[in-house]
J.: 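So that we are looking at the same thing, I have put the structure below in structure tokens.
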2 protein chains.
Amino acid sequence: MTTPRPPSGKEPGPTAGPVCPAGLRCGPVSHAITRVARLHRMLEGSLLRRAGLHPGQEALMMHLWETGAQRQSELTALLGSDSATMTRAVQRLERAGFVRRVPCPTDRRGVIIEPTAASQALRQEIEEIWWQLEEATVSGLTEEERATALRVLDRLEANLANRA
Amino acid sequence: MTTPRPPSGKEPGPTAGPVCPAGLRCGPVSHAITRVARLHRMLEGSLLRRAGLHPGQEALMMHLWETGAQRQSELTALLGSDSATMTRAVQRLERAGFVRRVPCPTDRRGVIIEPTAASQALRQEIEEIWWQLEEATVSGLTEEERATALRVLDRLEANLANRA
DNA sequence: GTTATTTCCCTGTTCGGACAGCTAACGATG
DNA sequence: CATCGTTAGCTGTCCGAACAGGGAAATAAC
């Protein structure tokens, strides 16, 4: 996996400002999603870097810890990932010592992915990071506002899922 | 640039379902953002593919059309991108014939990026795609709901921008 | 004018993501 | 048993994104 490079002194930084030039009718919600997603991902990345992980790997590990050792194909489906992406992610996590690959006893095509004992040290750290990320995202919002945010996002998700 | 592979029969597909296992308190808003962003990006990708572009390139071209030829460093800053990413994006768009690189007359370090006449054919197509994407995102929402969505996203963006 | 600093762009590298192609193994059918 | 179609996983390729490092030019400081 190779530990992500430590933050190079300069934290990612707020990049740029408005992506929507002037009075351009450019799909306001759509672009807002892009901007929020970008910032969210950047923050996630800089938090995870401190734990030695790249964005995406933490979800894989959380899944393994939550539901135990699983077939690689299972992980791929559950995380909605690509099989090639999964192959390489597992390889990196294996090199990093967070995961072990065991031949599936009942299907010689398959591979069981299990978290190592060493990886347990990461779990608390990741949960803390998820907490920090959520807090940074919704800090300053009332309970009601947070509920509204969740409702809006769920609505958008449902919309987009239909067009996928 | 090499035209994106044509959709291989199967459109990206809704990938997986819930990423949040069971009753796990896992940063609900945060994960909702991740899911929405994922779907949004997938849809954007499949729409853009038909125009022969990859996600991200369309924003660059729109910027060029809107504000005219610009220094590469200007584009990088305005789009909040990475200079390396910009270098390669421009190279691909140049190979694809959508962009021309002209040495900056007042600063021999600089490069002016200008859209080609041929690229104009793309513009309407991209605007149409942005419209489709927006529609897919907010279809079925009332005007009031759309305003709420925008307000929520702006709020989240402001929050995240502070922590960046 | 010479030197130091900054800016601009390029290349190399690593990651996640997506698609295509391949092999080995499984399953079912004839 | 032999064949056919499917599934699991790996590798190659291309893209966007981010960081590191380098070289050239412009600018500031001396």
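Values below: all heavy atoms of this structure, side chains included; hydrogens, waters and symmetry mates excluded. Note on naming: letters A, B, ... go to the chains in the order of the sequence lines (proteins, then strands), and numbering restarts at 1 for each one. The model shown is predicted, which means the values in this text are computed figures rather than measured ones.
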J.: What is the distance from CZ of B:R92 to C1' of D:dG16, rounded to the nearest Å?
T.: 8 Å
J.: B:R49 has an atom CZ; how far is it from atom C1' of C:dA18, in whole Å?
T.: 8 Å
J.: Could you work out which one of D:dA18, C:dC10, D:dC10 sits closest to the side chain of B:D82?
T.: D:dA18
J.: To the nearest Å, give me how far apart NE2 (A:H54) and C1' (D:dC19) are.
T.: 11 Å
J.: Categorize B:A84 for me: base, sugar-phosphate, or nothing, with a 4.0 angstrom heavy-atom threshold over every strand shown.
T.: base
J.: Name all residues meeting the side chain to side chain contact (heavy atoms under 4.5 Å, CB included) criterion together with B:P55; count only those two or more places apart in sequence or in a different chain, and write none if there are none.
T.: B:R41, B:E44, B:L48
J.: Just call it for B:T85: base, sugar-phosphate, or nothing, with non-hydrogen atoms closer than 4.0 Å on any strand.
T.: base
J.: Would you please name every residue forming a salt bridge (charged side-chain N to carboxylate O under 4.0 Å, His left out) with B:R108, sequence neighbours left out?
T.: none
J.: Just call it for A:R71: base, sugar-phosphate, or nothing, with non-hydrogen atoms closer than 4.0 Å on any strand.
T.: sugar-phosphate
J.: Rounding to an integer number of Å, can you tell me how far A:L75 CG sits from C:dG17 P?
T.: 14 Å
J.: Side chains of residues 148-155 of chain B: which donor-acceptor partners sit under 3.5 Å, not counting sequence neighbours?
T.:
| residue | atom | partner | partner atom | Å |
| --- | --- | --- | --- | --- |
| B:T148 | OG1 | B:E144 | O | 3.0 |
| B:R155 | NH1 | A:E145 | OE2 | 3.3 |
| B:R155 | NH2 | A:G140 | O | 2.9 |

J.: Counting N and O atoms only, with roles assigned by atom type, does the side chain of B:E125 sit under 3.5 Å from a partner on the main chain of B:R123, one being a donor and the other an acceptor?
T.: no
J.: Does D:dG9 have OP1 or OP2 sitting under 4.0 Å from an N or O in the side chain of A:T87?
T.: no
J.: With sequence neighbours excluded, tell me which residues meet salt bridge (charged side-chain N to carboxylate O under 4.0 Å, His left out) with A:R109.
T.: A:D107
J.: Would you indicate which nucleotide in C:dT11, C:dC9, D:dC10 comes nearest to any side-chain atom of B:Q91?
T.: C:dT11
J.: Using the test side chain to side chain contact (heavy atoms under 4.5 Å, CB included), find all partners of A:W131 that sit at least two apart in sequence or belong to another chain.
T.: A:E128, A:E135
J.: Given the structure, check if the side chain of A:R88 and the base of D:dT13 hold any donor-acceptor pair shorter than 3.5 Å.
T.: yes
J.: Give, ordered by number, those residues of residues 101-113 of chain A having at least one heavy-atom distance below 4.0 Å to an atom of DNA chain D; if nothing qualifies, reply none.
T.: A:R101, A:R109, A:G110, A:V111
J.: Base, sugar-phosphate, or nothing: which does A:S73 touch, judged by heavy atoms less than 4.0 Å apart?
T.: sugar-phosphate
